[in-house]
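Here the structure is a predicted model, which is why all the values come from computation and not from measurement. Sequence lines set the chain letters: A, B, ... in the order given, protein chains first and strands last, and positions in each chain run from 1.
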Amino acid sequence: MANPGKAPGQHFIRSIIDEDVRNGKNGGRVHTRFPPEPNGYLHIGHAKSICLNFGLAREFGGLCNLRFDDTNPTKEEVEYVDSIQEDVRWLGFDWDDRLFYASDYFEPLHAYAVQFIRDGKAYVDSLSPGEIREHRGTLTEPGRESPFRNRSVEENLDLFERMRRGEFKEGEHVLRAKIDMASPNLNMRDPVIYRIMHAPHHRTGDAWCVYPMYDFAHGLSDSLEEITHSLCTLEFEDHRPLYDWFLEQLGVFHPRQIEFARLNLSYTVMSKRKLLELVRGGYVGGWDDPRMPTISGLRRRGYTPASIRSFCERIGVAKKESTVDLSLLEYSVREDLNRIAPRVMAVLRPLKVVIENYPDDRTEELEAVNNPEDPSMGTRTVPFSREIYIERDDFREDPPRKFFRLAPGREVRLRYAYFITCREVVKDETTGEVTELRCTYDPETRGGDAPDGRKVKGTIHWVSARHAVESEVRLYDRLFNRPNPADVPEGEDFKSLLNPDSLETLSACPVEPSLKEAAPGDRYQFERLGYFCVDTRDSEAGRPVFNRTVPLRDSWARIEKAQAGKG
RNA sequence: UGGGGUGUCGUCAAGUGGUAAGACACGGGCCUUUGGAGCCCGCAUUCGGAGGUUCGAAUCCUCCCACCCCAGCCA
């Protein structure tokens with residue numbers, strides 16, 4: 001789907017599942033799950049996990065559940081559960097009727113906990129949080145057993161029941177698994193499995209005041225849903241022995257946890273904490289600010305679901321911590337948009353051109369191709385008249401070597417229109433700024449070809465002044481200046497690394513009239529400039545606002561840079 | 001200096017004893033009414049390092065080095 005006709009790359013998780021299926025494990029069944037905690041918006045890193053989980057399930061004819069890991073009511077909100085569903089769906093995946101919540105399992109989970117107590121494998125600890133920490137030991141020293149570790153089953157049962165009934169304050173007691181305080185793996189040193197929280201839950205309301213911890217709830221939820229392959233990120237590798245322990249002790253269905261490296265992207269931050277900080281501090285316009293690496297930000301920026309999917313396929317899956325180059329993401333959108341986006345002409349920084357030998361009272365409708373990559377997208381017509389706007393960058397009074405655009409005395413082609421020659425440069429007398437170009441056109445070159453076979457080096461885009469629709473256009477650039485914004489200099493905050501030029505707003509850009517009724521979300525290629533989409537938040541009927549998704553590759557910029565380098 | 005991981009091109013990443021895929025980036029060329037797109041070519045004598053086993057090692061063994069994760073009643 002993401003890469004039609006292209007075989008997906010091999011990676012270790014695919015190999016494991018492939019082997020399990022061949023061996024008939026789980027009856028050849030493949031069942032995964034995407035388990036976000038609803039405490040923030042999804043970002044491109046989650047997209048990797050979503051594509052992996054839903055993609056693998058689809059690939060092997062299996063299923064993938066959407067399950068909210070909502071075991072901490074103090075951090076979770078419905079706003080997030082709504083946005084997460086919207087984002088997953090937008091990415092092109094579907095969980096049918098398999099929308100679950102860890103909170104759906106609070107009752108069975110509680111019953112499992114009671115069973116652990118009955119089996120003498122869990123106990124109520126009444127140490128304070130600080131004491132528990134002290135008893136845990138350190139990385140190099142074993143922990144010490146709690147004095148409450150050997151309470152009787154009856155006492156534990158009674159205490160746990162009273163915890164549930166709300167007889168205690170937060171922190172007074174916790175339920176712990178009885179494993180091994182001397183384990184070199186800290187996760188096995190009698191992990192807390194239930195804690196008291198007098199907080200209403202977004203789904204269960206005030207039905208509970210004890211909530212299960214991640215380690216306890218996650219694996220058991222996987223088991224309850226009969227998940228075959230439980231994919232998670234590297235930091236949970238240390239938790240796998242515990243994941244396995246709970247399931248083994250209970251003798252219930254036992255999914256296999258497999259860990260992979262999370263995605264890092266150059267020039268961006270991916271931690272929910274930092275993204276939240278950018279939102280709360282007003283450094284960006286919100287979770288869906290087009291500069292954000294969130295799914296909603298990318299969507300508003302104009303990224304397509306297909307481009308994100310192909311990106312996720314391209315980056316691969318491995319256990320090595322790595323940072324993917326932002327250029328790969330950009331390549332993925334350009335590839336998709338090149339195929340599907342209609343071309344259109346727009347001028348970002350206008351320079352007026354008067355075509356002296358073109359009658360003032362004339363307007364012509366010239367035919368333009370909508371997408372050279374896809375003839376089925378047809379043609380449209382663009383109006384041409386005596387006064388037009390061209391890009392200021394497309395004129396140089398003193399053209400450097402290899403500059404093929406307009407300059408005094410030079411002839412260029414106006415795309416789909418005529419050859420024009422620059423005859424005169426009009427400047428502001430006080431500032432010296434070029435304010436207008438006086439040109440002449442060759443009537444024989446209508447449509448862009450010269451009957452005498454004359455060639456021209458450059459073709460530039462333009463918009464008829466009289467017919468132009470003035471639009472606001474937003475140019476976005478990377479949010480951070482550093483390849484790795486997590487690498488903050490001593491004593492500085494990561495926000496000091498923000499790119500002050502990540503947003504440039506251009507008002508009153510002349511765009512061709514066909515764009516007047518462009519609908520929110522519509523994507524276009526502004527010829528020679530880049531891909532743009534109509535902002536879904538700030539556009540009004542007849543007044544589209546455009547967001548630049550990504551610029552086109554600019555080989556002239558490259559040449560110019562190389563020339564500058566040579567001095 | 002406890003435990004768990006990872007080290008293959010600038011960045012990702014295949015490869016699992018038979019003599020280093022692919023992608024992005026980069027460089028060069030062709031083509032072009034987008035300096036876009038497309039096409040072609042180039043781009044790791046070498047796989048963190050050092051030894052060893054073998055006819056043969058990125059793949060096996062030994063030692064070493066570097067980096068990441070773990071001491072939440074977060075997930």
Side-chain angles (χ1 to χ4, degrees), chain A residues 9-11 15 35-37 39 69-72 74-76 125 127-129 132-134 136-143 170-176 183-189 191-197 211 213-215 217-218 232-241 259 261 263 266 272 313-332 334-335 338-339 343 345 368-369 371-373 402-405 413-417 419 445 447-449 455-461 483 525-530 551-559:
Chain A
Q10 191 54 262
H11 59 66
S15 304
E37 180 189 15
N39 67 343
D69 224 327
D70 55 351
T71 56
N72 185 348
T74 63
K75 292 190 173 175
E76 296 145 11
D125 196 356
L127 253 23
S128 71
I132 288 181
R133 193 185 331 113
E134 284 164 25
R136 188 155 27 228
T138 67
L139 295 177
T140 52
E141 302 157 20
E170 291 185 14
E172 246 179 284
H173 306 285
V174 290
L175 184 68
R176 293 231 253 169
S183 171
N185 181 343
L186 306 215
N187 294 122
M188 301 299 273
R189 318 240 266 227
V192 172
I193 59 182
Y194 264 91
R195 78 288 214 190
I196 297 168
M197 290 180 113
Y211 292 93
M213 296 287 289
Y214 165 86
D215 287 305
H218 195 90
C232 63
T233 43
L234 252 29
E235 67 271 27
F236 293 105
E237 210 151 15
D238 287 342
H239 295 239
R240 194 170 64 226
E259 311 83 13
L263 169 67
S266 60
K272 280 189 191 173
E313 188 58 50
R314 251 188 280 260
I315 58 176
V317 179
K319 297 191 72 160
K320 185 175 69 168
E321 299 243 28
S322 59
T323 301
V324 174
D325 212 294
L326 192 57
S327 66
L328 188 61
L329 215 212
E330 296 184 335
Y331 172 83
S332 298
R334 286 197 191 101
E335 176 189 52
N338 176 50
R339 222 163 32 214
R343 297 321 86 143
M345 290 197 285
V369 172
N371 188 344
E373 302 295 318
K402 290 188 179 171
F403 182 85
F404 300 148
R405 284 113 92 147
R413 171 167 41 232
L414 292 177
R415 175 140 240 233
Y416 299 125
F419 285 8
T445 57
D449 284 308
K455 296 292 180 196
V456 94
K457 279 278 196 48
T459 299
I460 65 176
H461 60 277
Q525 183 197 97
F526 286 2
E527 292 217 25
R528 303 209 305 132
L529 297 173
L552 248 27
R553 284 185 67 222
D554 187 350
S555 49
W556 162 243
R558 221 172 289 272
I559 292 168

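Contacts of A:Leu529 with the nucleic acid, taken as non-hydrogen atoms under 4.0 Å apart, are absent. When heavy atoms are screened at a 4.0 angstrom cut-off, A:Thr323 is found touching the sugar-phosphate backbone but no base atom. The residue A:Val317 sits close only to the backbone: its heavy atoms come under 4.0 Å of sugar-phosphate atoms, none of a base. Among the protein residues, A:Lys457 comes within range of no part of the nucleic acid, since none of its heavy atoms lies under 4.0 Å from any strand. If you check every strand for non-hydrogen atoms under 4.0 Å, A:Arg558 touches sugar and phosphate atoms only. Using a 4.0 Å heavy-atom cutoff across all strands shown, A:Gln525 reaches at least one base atom of the nucleic acid. The residue A:Phe419 sits apart from the nucleic acid: no heavy atom pair falls under 4.0 Å.
With rounding to whole Å, A:Gln10 atom CD is found 12 Å from B:rU16 atom C1'. Straight-line distance from the CG atom of A:Leu326 to the P atom of B:rC26: 13 Å, rounded to whole Å. Rounded to whole Å, the distance from CG on A:Leu328 to C1' on B:rU11 is 9 Å. With rounding to whole Å, A:Leu329 atom CG is found 18 Å from B:rU11 atom P. If you measure from atom CD of A:Glu237 to atom P of B:rG4, you get 11 Å, rounded to the nearest angstrom. What separates CD of A:Glu527 from P of B:rG36 is a distance of 13 Å, to the nearest Å. For A:Ile460 and B:rG36, the CD1 to P distance is 16 Å, given to the nearest whole Å. If you measure from atom CD of A:Glu313 to atom P of B:rC12, you get 18 Å, rounded to the nearest angstrom.
Each of A:Leu329, A:Val324, A:Asp325 was checked for a side-chain contact (heavy atoms from CB on, under 4.5 Å) with A:Ile315, and the lone residue meeting it is A:Val324.
In terms of the side chain to side chain donor-acceptor pair (under 3.5 Å) criterion, A:Asp238 has no residue partners (sequence neighbours excluded). Residues meeting the ring-ring contact (aromatic ring centres under 6.0 Å, His included) test with A:Tyr331, sequence neighbours left out: none. Every residue was checked against the ring-ring contact (aromatic ring centres under 6.0 Å, His included) condition with A:Tyr416, not counting sequence neighbours, and none meets it. Annotation: side chain to side chain donor-acceptor pair (under 3.5 Å) contacts of A:Glu76 (sequence neighbours excluded): none. Listed by chain and number, the residues in a side chain to side chain donor-acceptor pair (under 3.5 Å) with A:Glu235 are A:Thr233, A:Arg262 (sequence neighbours excluded). A:Lys319 pairs by the side chain to side chain donor-acceptor pair (under 3.5 Å) definition with A:Glu237, not counting sequence neighbours. Remark: A:Arg413 pairs with no residue by the salt bridge (Lys or Arg N to Asp or Glu O under 4.0 Å) rule, at least two apart or across chains. Residues passing the salt bridge (Lys or Arg N to Asp or Glu O under 4.0 Å) test with A:Arg195, sequence neighbours excluded: none. Remark: A:His11 engages no residue in a ring-ring contact (aromatic ring centres under 6.0 Å, His included) (not counting sequence neighbours).
A:His461 NE2 to A:Arg528 CZ: the interatomic distance, rounded to the nearest 0.5 Å, is 5.5 Å. Atom CG of A:Asp215 sits about 5.5 Å away from atom NE2 of A:His239, to the nearest 0.5 Å.
Of the C1' atoms belonging to B:rG42 and B:rG10, the separation is 16 Å, rounded to the nearest Å. Only the C1' atoms considered, B:rC43 is 14 Å distant from B:rA23, to the nearest whole Å. Taking atom C1' in both B:rA13 and B:rA20, one finds a spacing of 13 Å when rounded to whole Å. B:rU59 sits 15 Å from B:rU46 when the P atoms are compared, rounded to a whole Å. Taking atom P in both B:rC55 and B:rG27, the straight-line distance is 47 Å, to the nearest Å. Comparing B:rA21 with B:rA44, their P atoms sit 10 Å apart, to the nearest whole Å. Separating the C1' atom of B:rU16 from that of B:rU8 is a span of 14 Å, rounded to the nearest Å. Nucleotides B:rG15 and B:rU6 are separated by 15 Å at their P atoms, to the nearest Å.
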message: The test is side chain to side chain contact (heavy atoms under 4.5 Å, CB included); show your working for A:Met345 and A:Leu529 and say whether it passes.
response: CA-CA 9 Å; A:Met345 290 197 285; A:Leu529 297 173; over 6 Å; no

- prompt: What dot-bracket string describes RNA chain B from 5' to 3', counting Watson-Crick and G-U wobble pairs whose defining distances are under 3.5 Å, with [ ] for crossing pairs and | for pairs to another strand?
  reply: .(((((((.[[[..)..(...]]].(((((.......))))).....[[[[[..)....]]]]])))))).....

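Applying the 90° cutoff around 0 to the glycosidic angle, B:rG72 is assigned syn.
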Sequence-aligned protein contact record of nucleotides 68-75 of chain B, with B where the base is within under 4.0 Å of a protein heavy atom and S where only the sugar-phosphate is: SBBBSBSB

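A:Arg133 contributes no side-chain N or O that, together with a main-chain N or O of A:Ser128, makes up a donor-acceptor pair within less than 3.5 Å.
Of the residues near RNA chain B, A:Ser15 and A:Gly458, the one whose nearest nucleotide (by heavy atom distance) lies more toward the 5' end is A:Ser15.
Residue A:Lys320 has its side chain nearest to B:rG7 when only B:rG27, B:rG7, B:rG36 are considered.
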Output one line per pair: protein atom, nucleotide atom from nucleotides 37-44 of chain B, and distance, for all N/O pairs under 3.5 Å.
| residue | atom | partner | partner atom | Å |
| --- | --- | --- | --- | --- |
| B:rA37 | OP2 | A:Arg553 | NH1 | 3.3 |
| B:rA37 | O2' | A:Asn338 | ND2 | 3.0 |
| B:rA37 | O2' | A:Glu373 | OE1 | 3.3 |
| B:rA37 | O2' | A:Glu373 | OE2 | 3.1 |

